[in-house]
Colleague: 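Here it is: the structure, laid out below.
When a residue number appears, it is its place in the shown sequence, counting from 1. Scope of the values below: all heavy atoms of this structure, side chains included, with no hydrogens, waters or symmetry mates.
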Amino acid sequence: GAHYLLGCREIGLLKNRILQRIITSLHTQLISLNTTFTFENKSFPLKTLNDLEVDSSDRQYLLATSIERQINIFDLTEKDFLQSSNNEVTICEPVASLQYDETNHEDSISCSCWYTVDTGSFFTGSLDKTINIWDTNLLKPIASHNFSESIIDIEMCPKPINHCLLAVAIASPQIRLFDIVSQTSVHTLTGHKGNVNCIKWSPRHDNIIASCSDDCTLRLWDVRSARSCLACFDKNNSENIVSENLFDKNFYTAHSHPITCITYTPDGLNILSCDTRGKLELWSAVDGKNCQIVYNRKYNSQVKQLAISSNSEIIYCPSRSTIEAFEIRSGSLISQQTGHTSPIRTCTFHTANLELYSGSDRQLLVYTPNLKKPNNSTNQRN
């Protein structure tokens, strides 16, 4: 147990880095629903949550947006301060909240993301074909940009050193690159044959983007290149570099059904993808090979967002009203987390607090490490 690990560290058998990795792994596997804490908005009920984002700079704020044009920002340090020691339910209200016309959108908010340098700004994308850039302190949009189609997904480069680009997936086969400084679209990535559903920047390379589409393909892009497309992943592990077959109708496919979401592991070495039939695939981000790991999970066509633990060992995937946790490398089911009463659309992992947040229709729940004892009803090890 913990005493043994600490003893090994004291006599020099374990390095601090290895001990920290072991403790993180143990805590992550003990995550369960926190029944003594809840996020709530007393001013008006939470709507159907569509996107959850923890800011990457301070890891202090949780941005929650809904289909019904609602924006909530929760202070996660306030959550820790309010947490009571007894079994009474503690409620954390948002530090900022907007709804309907206050959001400056005329249609559903489809996606959101933080400005990665600090929490002074965030972005929201909508089906009304606009992206708003917000001042967090004033809680007002400081700029708005119109696109030709509805906004499906947005993602800002995690390390804006060489550029300050926002990747934008619109309801078309194209990906637009929007320069935040000049407020203009600077490049268009073409190659998909169906609508792009999700885009992610590589945690390792600030010039690499991964995208997935209704055309069942998973592609890598280099934003510095005129041709841009680096690879089109193949589920059968054929040749992935598509220099001469980029626009061939017989392009490689990563899934047999449209891909709804993708995510990188925090170490940037792998990509996970999920399609409309709920099938998960693990890919090498280095050579594009399908790792061919089998994840036995339930059907769920509404998955919009996947979450991965900070040590890149566990993936959390919504499955109707539960969240299934799998070991990434083996595909073994670790746990099935319950608590929601309607299908879960989104989830995200707090890498510092080792907490999982999930959102559905009018519910925002938090799962924290249960260091007392595993809950047999929700933690079912294969």
Colleague: Can you name the residues that form a ring-ring contact (aromatic ring centres under 6.0 Å, His included) with Y295, not counting sequence neighbours?
Modeller: F326
Colleague: Going through the checks in order, is the ring-ring contact (aromatic ring centres under 6.0 Å, His included) test met by H192 and W221?
Modeller: CA-CA 11 Å; H192 281 295; W221 311 83; 5.8 Å; yes
Colleague: Find out if a path of hydrophobic residues (ILVMFWY) with successive side-chain heavy-atom gaps under 4.5 Å connects V54 to F123.
Modeller: no
Colleague: Could you label the plane-to-plane angle of the F74 and F39 rings as parallel, tilted or perpendicular, counting under 30° as parallel and over 60° as perpendicular?
Modeller: perpendicular
Colleague: With no hydrogens and no angle check, just 3.5 Å: does a side-chain donor-acceptor pair link Q363 and T341?
Modeller: yes
Colleague: Which side-chain hydrogen bond (donor to acceptor under 3.5 Å, both in side chains) pairs, counting each pair once, include a residue from residues 174-185, with sequence neighbours left out?
Modeller: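 Applying side-chain hydrogen bond (donor to acceptor under 3.5 Å, both in side chains) to every pair that reaches into residues 174-185, excluding sequence neighbours, yields Q174-R176, D179-S182, S182-T184.
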Colleague: For T130, what residues pass the side chain to side chain donor-acceptor pair (under 3.5 Å) criterion, not counting sequence neighbours?
Modeller: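 Scan of T130 (side chain to side chain donor-acceptor pair (under 3.5 Å), adjacent residues dropped) gives H105, D128.
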Colleague: Test of understanding: with ring-ring contact (aromatic ring centres under 6.0 Å, His included), list the residues that count as partners of H350, not counting sequence neighbours.
Modeller: none
Colleague: Under 3.5 Å, which donor-acceptor pairs do the side chains of residues 143-154 form with other protein atoms, sequence neighbours left out?
Modeller:
unit_1: S144; atom_1: OG; unit_2: N132; atom_2: OD1; d: 2.9
unit_1: S150; atom_1: OG; unit_2: L127; atom_2: O; d: 2.9
unit_1: D153; atom_1: OD2; unit_2: I199; atom_2: N; d: 3.0

Colleague: Here's a test for you: under side-chain hydrogen bond (donor to acceptor under 3.5 Å, both in side chains), which of T119, T351, T77 qualifies with R59?
Modeller: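 With R59 as partner, T119, T351, T77 yield a single side-chain hydrogen bond (donor to acceptor under 3.5 Å, both in side chains), made by T351.
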Colleague: Ring centroid separation for Y316 and F349, is it under 6.0 angstrom?
Modeller: yes
Colleague: Give a yes or no on whether M156 and I209 share a hydrophobic cluster (residues Ile, Leu, Val, Met, Phe, Trp, Tyr; joining criterion: side-chain heavy atoms under 4.5 Å apart).
Modeller: no
Colleague: Tell me, with the steps shown, if R224 and D222 meet salt bridge (Lys or Arg N to Asp or Glu O under 4.0 Å).
Modeller: CA-CA 5 Å; R224 303 169 302 179; D222 186 345; 3.1 Å; yes
Colleague: Tell me the side-chain hydrogen bond (donor to acceptor under 3.5 Å, both in side chains) pairs involving residues 155-169, sequence neighbours left out?
Modeller: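 Sorted result for residues 155-169: N162-D206.
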Colleague: For the backbone of I314 and the side chain of S309, can you confirm whether one donor and one acceptor N or O come within less than 3.5 Å of each other?
Modeller: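 Judged by distance alone, yes, a pair lies under 3.5 Å.
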